[in-house]
Amino acid sequence: LWPWLLASSGLSALVQLVTLPFFPESPSYLLIQKGNEEAFRKAIRKLWGQGDHQAEVDDIMKEKVAMASTKTLRVLELIKKRSLRWQLYILMTVITTLQLCGINAIYFYSFEVFHTAKFEEYLIPYVSLGVGLCECLSSILCSTLIERFGRKVLLCGGYTLMCSVLALLTVTLSLQHQFFWLHYFSVILIFLFVTFYGIGP
């Protein structure tokens, strides 16, 4: 069953490969990048129907004018530009913390934790699959929460909860040989960590 499950991810790629040639190009791409106004209006009619879409057309026209007046910066110019320095610092901080937050370690050692928790060998791949599904569902949940609470709250809250879970996980893994029930608590913490990762960062 597992080879078929792994191969199923290619099904969506095949569907995209077959159907994408029949989809129209993005109107903003046709106008801003290609400069083809006729194809731009044709794509708008195909995507939005024959109604009056002048407001949307005006927005894309304004975007084209704004992009034409914006200078493209090289990497060194971007680093030297004072007005963009804080945005660059924030972006680097978010990317760095995302790489060092511990999600890769959790995925790497989760199999061993499940094994120590005395799960049957044939069940462990399904529990691991559940961890991945948990991340997927929490990412979907995040898309609804982000509009309500904003990115800053979700980032700070997510990292705070992830730190708390990692601290508890360290304790449970250290004491798991003294208390048998801590094995199962460690498994719960792994699911919680992945959930908070999907909702936050």
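Keep in mind that the numbers below use all heavy atoms, side chains included, and drop hydrogens, waters and symmetry copies. Not measured: the values here are computed from a predicted model.
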Are [X] and [Y] joined in one hydrophobic group, where the rule is that I, L, V, M, F, W and Y side chains link up if heavy atoms are under 4.5 Å apart?
{"X": "F108", "Y": "V127", "answer": "no"}
{"X": "F191", "Y": "W181", "answer": "yes"}
{"X": "F180", "Y": "F185", "answer": "yes"}
{"X": "V75", "Y": "M92", "answer": "yes"}
{"X": "F179", "Y": "I190", "answer": "yes"}

Check whether any side-chain heavy atom of [X] lies under 4.5 Å from a side-chain heavy atom of [Y], and answer yes or no.
{"X": "F196", "Y": "V165", "answer": "yes"}
{"X": "V171", "Y": "L175", "answer": "yes"}
{"X": "I106", "Y": "L166", "answer": "yes"}

### Task
Run the numbers on Y197 and L98 for side-chain contact (heavy atoms from CB on, under 4.5 Å), then give the verdict.
CA-CA 9 Å; Y197 172 79; L98 191 62; 3.9 Å; yes
### Message
The test is side-chain contact (heavy atoms from CB on, under 4.5 Å); show your working for F111 and V131 and say whether it passes.
### Response
CA-CA 11 Å; F111 189 89; V131 172; over 6 Å; no
Non-hydrogen atoms of [X] and [Y] that approach each other most closely:
{"X": "P27", "Y": "I60", "answer": "CB-CD1, 4.3 Å"}
{"X": "L30", "Y": "A43", "answer": "CD1-CB, 3.7 Å"}
{"X": "C101", "Y": "F193", "answer": "O-CZ, 3.5 Å"}
{"X": "E121", "Y": "H115", "answer": "OE2-CE1, 2.7 Å"}

Rounded to the nearest 0.5 Å, what's the gap from [atom1] on [X] to [atom2] on [Y]? Could you check?
{"X": "Q87", "Y": "S83", "atom1": "CD", "atom2": "OG", "value": "7.0 Å"}
{"X": "S128", "Y": "L123", "atom1": "OG", "atom2": "CG", "value": "10.5 Å"}
{"X": "S26", "Y": "I44", "atom1": "OG", "atom2": "CD1", "value": "9.5 Å"}
{"X": "T172", "Y": "Y184", "atom1": "OG1", "atom2": "OH", "value": "14.0 Å"}
{"X": "Q176", "Y": "Q178", "atom1": "CD", "atom2": "CD", "value": "10.5 Å"}
{"X": "T195", "Y": "L189", "atom1": "OG1", "atom2": "CG", "value": "11.0 Å"}

### Message
Between L192 and I188, does the side-chain contact (heavy atoms from CB on, under 4.5 Å) criterion hold? Intermediate values first, please.
### Response
CA-CA 6 Å; L192 282 175; I188 293 169; 4.2 Å; yes
### Task
State which residues pass salt bridge (Lys or Arg N to Asp or Glu O under 4.0 Å) with R41; sequence neighbours excluded, sorted by chain then number.
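By the salt bridge (Lys or Arg N to Asp or Glu O under 4.0 Å) rule, R41 matches E37.
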Shared-cluster residues of [X], by chain and number - hydrophobic side chains joined below 4.5 Å:
{"X": "L91", "answer": "I95"}
{"X": "W86", "answer": "Y89"}
{"X": "L154", "answer": "L141, L145, I146, F149, V153, I199"}

### Message
Give me each pair satisfying side chain to side chain donor-acceptor pair (under 3.5 Å) with a member in residues 91-112, each pair once, sequence neighbours excluded.
### Response
T97-Y159, Y107-E135
Mind listing the side-chain donor-acceptor pairs of residues 13-25 below 3.5 Å, one per line with the distance, residues two or more places apart or on another chain?
| residue | atom | partner | partner atom | Å |
| --- | --- | --- | --- | --- |
| T19 | OG1 | V15 | O | 2.7 |

### Task
Over 60° means perpendicular and under 30° means parallel, so classify the ring planes of H177 and H183, tilted if in between.
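Aromatic pair H183/H177 classed perpendicular.
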### Message
Can you tell me if R151 has over 12 outside heavy atoms packed within less than 6.0 Å of its CZ?
### Response
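For R151, atom CZ is not crowded (no more than 12 foreign heavy atoms under 6.0 Å).
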